[in-house]
Amino acid sequence: MISIDHYLLLSLALFAVGVVGVLTRRNVIIMLMSIELILNAVNINLVAFSRLYGSVDGQVFAIFVITDAAAEAAVGLGIILAFFRNRKTLLADEMDLLKW
Amino acid sequence: MSHLIPSSILPLVVPVLCAVVIVLVLPLLAGYIVLVERKVMAGMQARLGPMRVGPHGLLQPIADALKLVLKEDIIPARADKVMFWLAPLVSVTMALLAYSALPIGPAFQIADLNVGLLFIVAVSSLGIYGIVLGGWASNSHYSLLGAMRSAAQLVSYETAGGLALASVLLLAGSLSMKDIVQAQLDQGIWFAFYVPFGFFIYLVASIAETNRAPFDLPEADSEIVAGYMTEYSGFRWSLYFLAEYANMIIVAGIATTLFLGGWLRPLARYRDHFPGTSVELLDAVPPLLALAVALYCFHLAPKQPVKIQKLVMAGAGGACAVVALALAGALFAPASVMQGVHGAFWFLLKVFTYIYAFMWFRFTFPRYRFDQLMRLGWRFLIPLALVNVIGVGIAIVLREQFDWNPFLSLVPTTLATLGVAMWLVNDDAPAAAANLEATIAQSGDGE
Amino acid sequence: MVLANMLFYFFALLAVGSALLMVTRRNIVHAAVFLVTTLLATAGVFLQLQAEFLFVTQILLYAGGIMVLFIFVIMLVNLDVEMLLVQFNRQWSVAGALAFALAVQVFFALWAGRDTLHLPAPPSQLALKNTETVADALFSHFLMAFEIASILLLVAMIGAVVMGKRRVE
């Protein structure tokens with residue numbers, strides 16, 4: 001029988017992979033993609049609880065999360081493009097102009 | 001029989017059978033649609049088309065398929081092998097996946113999803129990956145450029161097409177394909193006549209979505225070799241090709257279901273019977289049509305120059321006569337069988353009419369340049385689609401709140417949308433002309 | 001029931017497997033494709049939870065829109081030389097510790113609430129379909145959030161256009 005904790009564990013697994021991806025990769029585009037993975041894990045969690053309690057609020061929240069992810073991806077990729085045109089690098093280590 | 005199959009699998013048997021039928025029939029059907037296209041192209045260009053392989057070229061698709069399968073499989077040097085293998089697969093998979101929600105007549109649907117329409121649109125939007133990854137993996141300039149252009153075109157026209165579908169959804173009130181056809185039956189009119197602008201926008205958007213002329217810049221031979229398909233040969237190319245024609249049938253199916261009444265016959269609510277029977281008058285039209293085609297084939301048969309062509313024409317006439325018999329026989333069968341058979345007939349007739357219109361446009365209109373294409377999508381179709389949705393919304397409010405007659409409520413909003421369309425068309429032309437002249441003047445001075 | 005269980009395990013394994021592959025690929029395009037697979041598997045999980053509208057929204061917006069944007073940008077900024085550099089920084093121990101801490105927290109929460117987490121049977125015949133229920137909630141309770149989300153998208157659109165323009169020097 002598949003109960004809620006299966007879905008919550010799946011969400012945890014995706015979240016953990018996303019967190020590890022953000023913290024360990026040097027390429028900013030892959031960091032952005034790991035953030036998308038984290039948002040997906042949150043969505044699974046929200047929808048699982050919406051199913052448990054029979055209310056649709058969790059799904060509506062998940063729709064808003066997807067909307068926000070779209071906006072964030074668009075602006076984030078725009079920033080990355082602009083930075084790449086200037087500095088020709090995509091590695092987070094080398095984006096250190098403002099460091100003291 | 002049902003005790004042999006576990007109960008959790010039992011409801012899946014019929015859909016899986018339908019799916020197997022579709023997957024088997026589709027490549028053959030796509031091949032013969034190409035033959036029809038070449039014959040129609042020939043007819044419009046005052047020549048004969050394929051005539052050599054088989055009588056009147058009827059075995060041409062078989063020959064083409066054999067050739068493609070037996071051709072050498074060339075992978076460019078330094079191409080990304082995994083992506084190169086994956087891209088046509090993604091295209092074909094997404095094209096075929098969309099068939100799972102498409103109803104071919106009231107009895108033949110793999111899955112009647114509650115969100116069927118959105119599912120088909122979503123899966124079609126995944127087909128973009130096949131194009132982009134294919135262009136990227138080929139490690140060639142023309143492929144990448146063609147892929148980027150094609151993907152940009154698809155994304156732009158997807159928005160316009162989706163908004164056109166939204167205007168129909170407002171009228172139908174449901175996303176399930178069966179419910180939308182039922183709504184057309186209940187409201188007594190096909191939505192193409194109710195929302196003509198929605199139909200027009202979807203027609204244009206669907207031509208652009210399938211990369212057909214006049215929107216075929218990304219894959220036209222004289223423009224960019226073959227766009228994202230340049231480096232693909234043999235069986236991989238045939239997969240892309242199958243995906244393109246499967247996509248064409250899908251958009252025709254969506255247009256038929258949403259705008260042209262699906263499997264309903266024209267004048268579906270006119271229920272006068274033949275005196276003394278339960279057979280409706282207009283239901284006798286399909287067998288009569290098939291019989292007329294059969295008689296025409298028999299009439300043409302003696303006039304063929306070669307004996308094998310006479311035989312094949314007579315055979316075609318015979319096949320049409322058998323279809324006419326089947327349709328007539330269905331008239332006296334139980335109601336569900338009759339609806340299934342006649343519904344499938346009308347659906348297929350409308351789908352093929354839509355595809356014939358695609359072919360007609362291909363051989364009539366000159367190709368759009370890429371910037372003209374993008375301007376048409378973003379600055380004409382999307383504003384028009386938005387105004388259309390607002391107009392249909394206002395018409396529905398007038399109908400529900402103020403109890404106007406449904407047709408009367410749609411006339412002013414359609415006229416207003418027409419006014420906006422005329423304004424949009426005229427608004428673009430001077431700016432575009434000025435832009436072009438400035439560009440030409442600039443490049444002239446530069447030399 | 002057996003089929004439903006098998007489907008869940010299939011989607012779950014696909015999701016987690018693709019996610020792991022995504023964060024370890026050297027080639028960015030491969031990573032993007034694996035993220036698309038993860039998103040599609042997540043959509044399957046949504047469908048299993050009877051969230052039909054979210055299922056199609058996930059495919060249409062996330063996999064069919066956001067990821068296409070990612071792939072476009074990846075192809076624009078492609079640097080072949082980058083694939084030869086070191087891909088991982090030196091924080092992997094911190095990341096591992098953090099992930100472990102998260103796992104411990106969630107396992108503890110699940111164990112503490114283990115009696116209350118049984119899924120009710122899905123309702124046999126809903127009065128309203130999922131899409132209509134979501135639409136009702138979205139346009140009544142969450143109308144303010146909906147309007148704010150539209151303004152957010154407008155702002156993001158304008159921002160992305162401004163960011164993406166080439167400065168004509």
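Order of the sequence lines fixes the chain letters, A, B, ..., with proteins taken first and strands second; residue numbering starts at 1 for each chain.
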*Between A:F15 and chain C, which part of the residue has a heavy atom less than 4.5 Å away: side chain, backbone, both or neither?*
side chain
*Reported CG-to-CZ distance for the pair A:N27 and C:R26, which is rounded to 0.5 angstrom*: 11.5 Å
*Who among A:V60, A:L77, A:I66 has the most heavy-atom pairs with chain C under 4.5 Å?*
A:L77
_pair A:D57-C:F142: side-chain heavy atoms closer than 4.5 Å_ = yes
*Pick from A:V75, A:V19, A:I44: which one has the most heavy-atom pairs with chain C under 4.5 Å?*
A:I44
*In Å, rounded to the nearest 0.5 Å, how long is the span from OG1 of C:T38 to CG of A:L14?*
7.0 Å
*Let me know if C:F11 has heavy atoms under 4.5 Å from chain A in its side chain, its backbone, both or neither.*
neither
*Between A:I80 and chain C, which part of the residue has a heavy atom less than 4.5 Å away: side chain, backbone, both or neither?*
neither
_Contacting region of A:E36 [heavy-atom separation from chain C under 4.5 Å]_ = both
*asked:* Looking at chain A, which one of C:V161, C:I148, C:V94, C:V134 has the largest number of heavy-atom pairs inside 4.5 Å, strictly under?
replied: C:V134
_Whether A:R26 engages the ring of C:F88 as a cation-pi pair (distance to the six-membered ring centre under 6.0 angstrom, angle to the ring normal within 45°) should be assessed._
no
*Which distance, rounded to the nearest 0.5 Å, do you find between the OG of A:S50 and the CG of C:L49?*
8.0 Å
*Highest number of heavy-atom pairs under 4.5 Å with chain A: which of C:L76, C:V106, C:L61?*
C:V106
*Locate the shortest heavy-atom distance separating C:A19 from A:L37; write the atom from each residue and the value.*
CB-CD2, 3.7 Å
_A:L12, part contacting chain C, at a heavy-atom distance under 4.5 Å_ = side chain
*About how many Å separate CG of A:N43 and OH of C:Y62, when rounded to the nearest 0.5 Å?*
6.5 Å
*Main-chain N/O of A:L23 paired with C:Q91 side-chain donor or acceptor, under 3.5 Å*: yes
*Is there a donor-acceptor pair under 3.5 Å between the side chain of A:R51 and the backbone N or O of C:Q50?*
no
_Taking every non-hydrogen pair under 4.5 Å, which of C:A145, C:A137, C:A99 racks up the most with chain A?_
C:A145
*For chain C, find which of A:I79, A:N40, A:V22 contributes the most heavy-atom pairs closer than 4.5 angstrom.*
A:N40
*Would you mind checking which part of C:Q105 comes under 4.5 Å of any heavy atom in chain A, side chain (CB onward), backbone (N, CA, C, O), both or neither?*
neither
*Taking C:Q58, C:H141, C:M67 one by one, which has the highest count of heavy-atom pairs under 4.5 Å against chain A?*
C:Q58
_Minimum heavy-atom separation for A:R25 and C:T24, please, with both atom names._
NH1-C, 3.6 Å
_Options A:A13, A:A71, A:S55, ranked by heavy-atom pairs under 4.5 Å with chain C, top entry_ = A:A71
_Heavy-atom pairs under 4.5 Å with chain A, option from C:L39, C:L138, C:V23, C:V155 with the top count_ = C:V23
_Are more than 12 heavy atoms, taken from residues, nucleotides or ligands other than C:F8, located less than 6.0 Å from that residue's CZ atom?_
yes
*Check whether any side-chain heavy atom of C:F107 lies under 4.5 Å from a side-chain heavy atom of A:L9, and answer yes or no.*
yes
*Pick one of side chain, backbone, both or neither for A:A73, based on which atoms fall under 4.5 Å of a heavy atom in chain C.*
both
*Where on C:F146 is there a heavy atom nearer than 4.5 Å to chain A: the side chain, the backbone, both, or neither?*
both
_As an exercise, state the distance from OG1 of A:T67 to CG of C:L153, rounded to the nearest 0.5 Å._
6.0 Å
*Please look at C:L69 and chain A and tell me whether the side chain, the backbone, both or neither of the residue comes under 4.5 angstrom of a heavy atom of that chain.*
both
*Looking at C:G96, C:G159, C:A103, which has the largest count of heavy-atom pairs under 4.5 Å with chain A?*
C:A103
*Any idea which of A:A82, A:G58, A:A74 has the most non-hydrogen atom pairs under 4.5 angstrom with chain C?*
A:A74
*Can you find a heavy atom in the side chain of A:I29 that is under 4.5 Å from one in the side chain of C:V77?*
yes
*To the nearest 0.5 angstrom, please state how far the CZ atom of C:F70 sits from the CD1 atom of A:I30.*
10.5 Å
*Side chain, backbone, both or neither: which part of C:L20 has a non-hydrogen atom closer than 4.5 Å to chain A?*
both
*Would you call A:Q59 and C:F46 a side-chain contact if the rule is heavy atoms closer than 4.5 Å?*
no
